[in-house]
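Heads up, the thing below is written out as C-alpha cells.
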Amino acid sequence: MKGENLAVTKLNDTLKNSIKSLGVEDVSGFEFEKPRNEGHGDRASSAAMKLAKTLRQKPSDIAKKISENLQSEYIDKIEIAGAGFVNVFLNKKFYADVIEDALKQGDSYGSVNIGNHKKVQVEFVSANPTGPLHIGHGRGAALGDSVARILKFTGWDVQREYYVNDSGLQIETLGRSTRARYFEILGRGEDAPFPDNGYKGDYLYDIAREIINLEGEKFLEMPEKESLEFFKKYAAEKIMGEIKDDLEKFRVSFDNFFPEGYLHENNLVYSAMEDLKARGYAYEQDGALWFKTEDTIGDDKDRVLIRANGVPTYFAADIAYHRNKFITRGFERVIDVWGADHHGYIARVKAAIKAMGKNPDDFDVLLIQLVNLIRDGVNVNMSTRAGEFITLSEVMDEAGIDATRFFLLMRKSDSKIDFDMDLAKKQGNENPVYYVQYAHARVCGLTREYEKNGAKLSSESIPEEIFNEREARELANMIAFFPDEIKAASAGLAPHVITAYAMSLAGAFHSFYNSGRIIDAPDAAGRVRLSQAAAGIVRKCLELVGVNAPERM
RNA sequence: GCGCUUGUAGCUCAGUGGAUAGAGCGACGGCCUCCGGAGCCGUAGGUCAGGAGUUCGACUCUCCUUAAGCGCACCA
C-alpha cells in the first residue's frame, strides 16, 4: 500500500497469515509492535493473549501455533515469552530492505491514504480583527496549518479557512475605541470618552493618526451614528490586513476568508432558523427563538437563537455557518480550532449539526490551551483588551519562525505550553529545533563531502553488514516506523506526534553518526544512503510542521 | 451546584489495554590528531494525585475522593 514500508508490510503479513490459519477471520488489527525491552526481540506480538477468549485456548498454546506458522525471509529466531508474547528477532536483510524501500519511495514515503480524497475543512485562527495576533493565536495558526498539511499528506482533500468575525459587538467596540483615540489625539477627548471595555492597545493610536492624515478632522463634527461605520470599517480592515501579513510571515496560508457578514447579507441565518423550526428543534417563546438543547444534549436550559429584539445570537450565526460548511459547500468532515475557553460550546454545535441532519462525528474541535510566555524565567501575562501583550510578530522576530512553530507544536494541543523565550533562542543541543535541523544539515554536509571526489550514490544497494551495528539497526528501525507515526498523527490530528518523532529520529541519526566513520568507511556508499534516508524523513517531518530544513547551519 | 479538561522524574511534558513507565531541560561524570562538538556516551532522579473496581494484564477503561484551570448569558 502507498506510503507503507514494503518490508514492514511483508513482515506484518506473515503474522496476519499465521493468525488467519488459526481460523480467525478479521486479522486487520494484528501487527508487530516494537517491544520496549531489548531482550524481547526486534518485534513482538501480543495477539495470542487477545485471541485467547475467542479461540477458547490458552495464550501460550496460541502463541506456539502462531510461531510455528510464521514464514518470513526476515525472521532469524522466534521466542515465546511471558504470558504469551511472540517475540521475533530480525535479520539484517530486513533493515536493508526497509531502507531501500524508504529511499525508493522518496518524498512520498509515509503518505498513507487515510482520507481517500474526502473533502475536509480545517478552520483555524479566526481571530477577531480587533488587535494584533499574539502567541496564543500563533499556537492556533501553527496547529491548524500543520493539521492541514498532515491531512493532505494522508490523502484528504483539505481546505483551510479563516472565519472573519466582521460584525457584532466586538467590532462595534473597536470602532468606538478608534473614534475615541481620534478625538483624543485632536484634543477633544472629552467629546468621545473611551468605552468601558475598549481596546487599549497602542495600535489604535496609530490607526487614529492614519485616519487623521487621510480624512482630516471632519469626523469631529459628525454625530457618532454617522461616523462610527467609517471607524469600524477602517480599523477592522487595517487590522485584518496586518493579521494576514503576520500569518504569511508565519508561513500559514488560507484558501478562504469567510466573513460573518456574508451569512447575514444572504439571509442564511434566517433560513437556518427556519430549517431548525421545520425539523422541530427550535420553538418560539417570550418573543425569542430557542434551540432545544435541554432535550438534545441534556443542557440545563434551552438556548436563545433569536433575541426578543430580533437580533440573532452568535450561536445562531454559528449554526448558519456550519450549515453552510456541511450542506451548501458539501464538506464531509469539518475541523475547528478553538480556544479552550469555548469547550462548553462544543456540545451545542454538535447538537446543531445533528439537528441539520448531519453526523456530529464528522465534526471535530481541537481545543488549544493557553501559552505562557516565559522570559528570564518569569511569566509574561497577556490580555488583548487591556493592551498588554507580546505580539506573535515580536516572538517571531526574537525567537525565529522555525523555533516558534516547532515549540508551539511540541505539546499536544489541549495542554498548556510554557513557551520559554530563552530556550527558543538558544542555538545548541538544548534547543530541540536546532537538534533536529542539525541532523538534516549534517547529512547534507556528508553528502557534499562524499560527492566532492566525484563519487556517485544513485543505485548502489545497501550492504547488509552495516546492520551489524546496533546504532544502524536502531536508525533503520526508526525509519521503518515512520508510516505508523504518520498514521497516528493524522488520525489523532496531532502534530506533536511528528515533532516528538523527529527528535527521536534525529537522535538515532546522531548516535549512528558518532558510532563510527561514514564517508571514509569501506562501505561508505551504503552508510551515506542510510543517512540520506534519515535526512529525507527529517525533512518531511519538518515540512509537515512548517519548519525549514536547512542544508547548512 | 452542574459540566468539561488536567494531575506522570527537581522543571516542562510524551506515553490511545501489553512485559522492567520514557524524552528534553536542569544536576553530576566522561568523549574532539578524525566526515560539522549546533554532536555523542554514561550516572542519579518515580507511591504514574489518592482509593476502589473491570481482566490474563491498567499510566491507559469505570466509579469515588482530592487539587488546579475553564465553562455554565436574549456576550462573542
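Model, not experiment: these values are computed from the prediction. Because only heavy atoms are used, hydrogens play no part in the values below, and waters and symmetry mates are left out as well, while side chains stay in. Letters A, B, ... mirror the listed sequences (proteins, then strands); counts begin at 1.
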Inset, instruction - Just call it for A/Ala308: base, sugar-phosphate, or nothing, with non-hydrogen atoms closer than 4.0 Å on any strand. - result: base

Inset, instruction - For A/Tyr513, report the nucleic acid contact type (base, sugar-phosphate, nothing); a contact means any heavy atom under 4.0 Å. - result: base

Legend entry - Minimum-distance nucleotide (side-chain atoms of A/Lys53 versus B/rC70, B/rA14, B/rU55): B/rU55

Legend entry - Under 4.0 angstrom between A/Lys412 side-chain N/O and B/rG15 OP1 or OP2: yes

Legend entry - Pi-cation contact, A/Phe315 with A/Arg303 (under 6.0 Å, within 45°): no

Legend entry - Options B/rC4, B/rC35, B/rG18, nucleotide nearest the side-chain atoms of A/Leu446: B/rC35

Legend entry - Short side-chain donor-acceptor distance under 3.5 Å, A/Asn128 and A/Thr130: no

Inset, instruction - May I ask you to say what A/Gly516 touches in the nucleic acid, namely base, sugar-phosphate or nothing, with a heavy-atom cut-off under 4.0 Å? - result: base

Inset, instruction - Could you tell me how the ring of A/Trp290 sits relative to the ring of A/Tyr283: parallel (under 30°), tilted (30 to 60°) or perpendicular (over 60°)? - result: parallel

Inset, instruction - Can you label the angle between the A/Phe291 ring and the A/Tyr281 ring as parallel, tilted or perpendicular, going by 30° and 60°? - result: parallel

Legend entry - Side-chain donor/acceptor of A/Arg517 to base of B/rC34, under 3.5 Å: yes

Legend entry - Residue matched to B/rA58 through Watson-Crick or wobble contacts both under 3.5 angstrom: none

Legend entry - 5'-most by nearest nucleotide on RNA chain B - A/Asp418 or A/Ile518: A/Asp418

Inset, instruction - Would you please indicate yes or no on a ring centroid separation below 6.0 angstrom for A/Phe124 and A/Tyr162? - result: no

Inset, instruction - Scan A/Lys50 against the nucleic acid and name what it touches under 4.0 Å (heavy atoms): base, sugar-phosphate only, or nothing. - result: base

Inset, instruction - Specify the residue among A/Gly344 and A/Asp414 whose closest nucleotide of RNA chain B lies further upstream toward the 5′ end. - result: A/Asp414

Inset, instruction - Using heavy atoms and a sub-4.0 Å distance, could you list which residues of residues 476-496 of chain A are near RNA chain B? By number, please. - result: A/Gly492, A/His496

Legend entry - Nucleotide forming a Watson-Crick or wobble pair with B/rC4, both distances under 3.5 Å: B/rG69

Legend entry - Sugar-phosphate, base or nothing in reach of A/Asp286, heavy atoms under 4.0 Å: base

Inset, instruction - Using whole Å, report how far CG of A/Leu475 lies from P of B/rC40. - result: 13 Å

Legend entry - Short N-O contact, A/Lys64 and A/Asp61, less than 4.0 angstrom: no

Inset, instruction - Could you check whether A/Asn87 gets within reach of a base, just the sugar-phosphate, or nothing at all, counting any heavy atom under 4.0 Å? - result: base

Legend entry - Side-chain N or O of A/Arg442 closer than 4.0 Å to phosphate OP1/OP2 of B/rG37: yes

Legend entry - Pair of N/O donor and acceptor under 3.5 Å linking B/rC40 base with A/His510 side chain: no

Inset, instruction - Report yes or no: is the cationic atom of A/Arg442 (NZ for Lys, CZ for Arg) closer than 6.0 Å to the six-membered ring centre of A/Tyr513, at no more than 45° off its axis? - result: yes

Legend entry - Nucleotide nearest A/Tyr345 (side chain, heavy atoms from C-beta), chosen from B/rC74, B/rG71, B/rA76: B/rA76

Legend entry - B/rG15 phosphate, OP1 or OP2, under 4.0 Å from A/Lys34 side-chain N/O: no

Inset, instruction - Have a look at A/Glu38 and say if it touches a base, only the backbone sugar-phosphate, or nothing, with a 4.0 Å heavy-atom cut-off. - result: nothing

Legend entry - Whole angstrom value for the distance that separates C1' of B/rC35 from CZ of A/Arg527: 12 Å

Inset, instruction - Confirm from the modelled atom types if A/Asn37 and B/rA21 form a donor-acceptor pair under 3.5 Å, side chain to base only. - result: no

Legend entry - Touch class at under 4.0 angstrom, heavy-atom based, for A/Ser46 against every strand present: base

Legend entry - Pair partner, B/rG26 [Watson-Crick or wobble, under 3.5 Å]: none

